[in-house]
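Reviewing the structure listed below.
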2 protein chains.
Amino acid sequence: MGISDRKEREKQEMKRLIIDAALRMFVEDGYEKTSIRNIADKIEYSPGTIYLYYKDKDELLYAVQKEAFSKMLETFQAEATSRSPWKRLEQIAYSYVNFGINHPDLYDLMFIIRAPMNTAEKKGDWENGDDCFKYLTDTIGDCMEKGLLRYTDPRVAALSIWSMGHGLVSLQVRCRFKVMQLADEQMSQMINLTIREFLRTIKA
Amino acid sequence: MGISDRKEREKQEMKRLIIDAALRMFVEDGYEKTSIRNIADKIEYSPGTIYLYYKDKDELLYAVQKEAFSKMLETFQAEATSRSPWKRLEQIAYSYVNFGINHPDLYDLMFIIRAPMNTAEKKGDWENGDDCFKYLTDTIGDCMEKGLLRYTDPRVAALSIWSMGHGLVSLQVRCRFKVMQLADEQMSQMINLTIREFLRTIKA
DNA sequence: TGGAATTACTGAACACTGTTCAGTATATTT
DNA sequence: AAATATACTGAACAGTGTTCAGTAATTCCA
């Protein structure tokens, strides 16, 4: 049946149109200014139409989050390619933190905002972050196989490295490092220094 | 002048009434459900009245944030009292993470939500977190004086410890550890294990 | 090919949000 | 007692996510 195939294809294209518009608006105008109405305006449809393709805003955000994660994975695949597991781990660390600081609104969607996780909760599992997490855990696995890390449990290693990276990014993008009273430039340097120092301490 | 004194006192009492109501609603009903109208309802005033005491919602949240930080400081002063600098640092670490996980909505206001920082931005500085941060940095200073930490720069030490703690709490309260596919109980254990392991690695 | 059935979309409406402000009621001053 | 100053109200405005009766276009079937 060719017609229902086309219908299905058009439906997927419409979903694409919506999430592409949403993603662009997040990056260009910020998360806060991106409302259902604004997205609808941008793609020249009525607000109601969006609800024919996504059950609610949470579900739309879940789809955009997925998109953001695939962008992060691309970044990892471009910037963390060393054949040495340890160097690759270092590359991931810097890549992660830079991604967060350079794309604060995508980072919000991926790791800070509640909304998309409501959909994950309903679905029963959250798969959007799987590939990026695997990129990290695989590298950690490689490091530990060769005895390059001072951890005994790979899950503790993953939790530590991720939490350190996320802590640095999220406190920075949410302005909490203001308490340290450093100039912007100094603060950036300090963050990089902290990553370097952390990597040094976990190295076997 | 007795009357203007009383007026001033009444004004402060009204501000108290508002932030106390707001703080209670954050804890009891959650941040999301706490609107200006709901706060006004709770204290039995009209919504407009709140704007006679706080310029906008950001300013009100700034005041509530201050309150939350003083609650955290009280927790530190109750739970991190060891005379040994190293043990005190350990106590602060666990105290911080437990506070965040037990009071997620206050933690939001203190370290995650943007709104209160808009007021800090306008004021030019953010003082709400000063006392808690000082509690940490003083203890770090004590540790380093006695050569108990593997850090050379106390600012890097503070940044590292805080970021690790914040990373653990915020990824947990925002459900991102779902990617690890562990049961709730296991996840909590893993977080505690990670703190222990981190403290072990930074100890001289 | 023409009429019926299905599908896609609209936009007004609902209940909510933060915020403003003319109007009122109370308290203070003269 | 009258004039002034203060405190408060609540309707109104522009925005939000979401729903749904109504319309327009498309597809199906006789």
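The chains referred to below are lettered A, B, ... by the order of the sequence lines, with proteins before strands, and numbering in each begins at 1. Because the structure is a prediction, the values reported are computed rather than measured.
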Heavy-atom donor-acceptor pair, [X] side chain to [Y] backbone, under 3.5 Å:
X	Y	value
B:Asn38	B:Thr34	no
A:Arg176	A:Arg174	yes
B:His166	B:Trp162	no

Does the distance from a Lys or Arg side-chain N to an Asp or Glu carboxylate O, for [X] and [Y], drop under 4.0 Å?
X	Y	value
A:Glu59	A:Lys123	no
B:Lys33	B:Glu28	no
B:Glu197	B:Arg200	yes

TODO: Specify the angle, to 10°, made by the local axes at the two ends of the helix from C:dT1-D:dA30 to C:dT30-D:dA1 when five pairs are taken at each end.
DONE: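 For the helix from C:dT1-D:dA30 to C:dT30-D:dA1, the axes at opposite ends meet at about 20°.
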Partner of A:Phe69 by ring-ring contact (aromatic ring centres under 6.0 Å, His included), out of A:Tyr107, A:Tyr135, A:Trp126, A:Tyr62
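When ring-ring contact (aromatic ring centres under 6.0 Å, His included) is applied between A:Phe69 and each of A:Tyr107, A:Tyr135, A:Trp126, A:Tyr62, only A:Trp126 qualifies.
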Report task. Could you check which residues of residues 50-61 of chain A get a heavy atom under 4.0 Å from DNA chain C? Sort them by number, please. Result ->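 Contacting residues: A:Leu52, A:Tyr53.
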B:Lys134 to B:Phe76, cation-pi by 6.0 Å centre distance and 45° axis angle
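Not satisfied by the 6.0 Å and 45° rule.
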Ring centre gap for B:Phe198 and A:Tyr151 strictly below 6.0 Å |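 Between B:Phe198 and A:Tyr151, the centre distance exceeds or equals 6.0 Å.
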- Query: When the aromatic ring centroids of B:Phe111 and B:Tyr96 are compared, is their separation below 6.0 Å?
  - Reply: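 Between B:Phe111 and B:Tyr96, the centre distance is under 6.0 Å.
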Go through residues 10-47 of chain B and report each residue with a non-hydrogen atom lying under 4.0 Å from DNA chain D, sorted by number.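 Output list: B:Arg37, B:Tyr45, B:Ser46.
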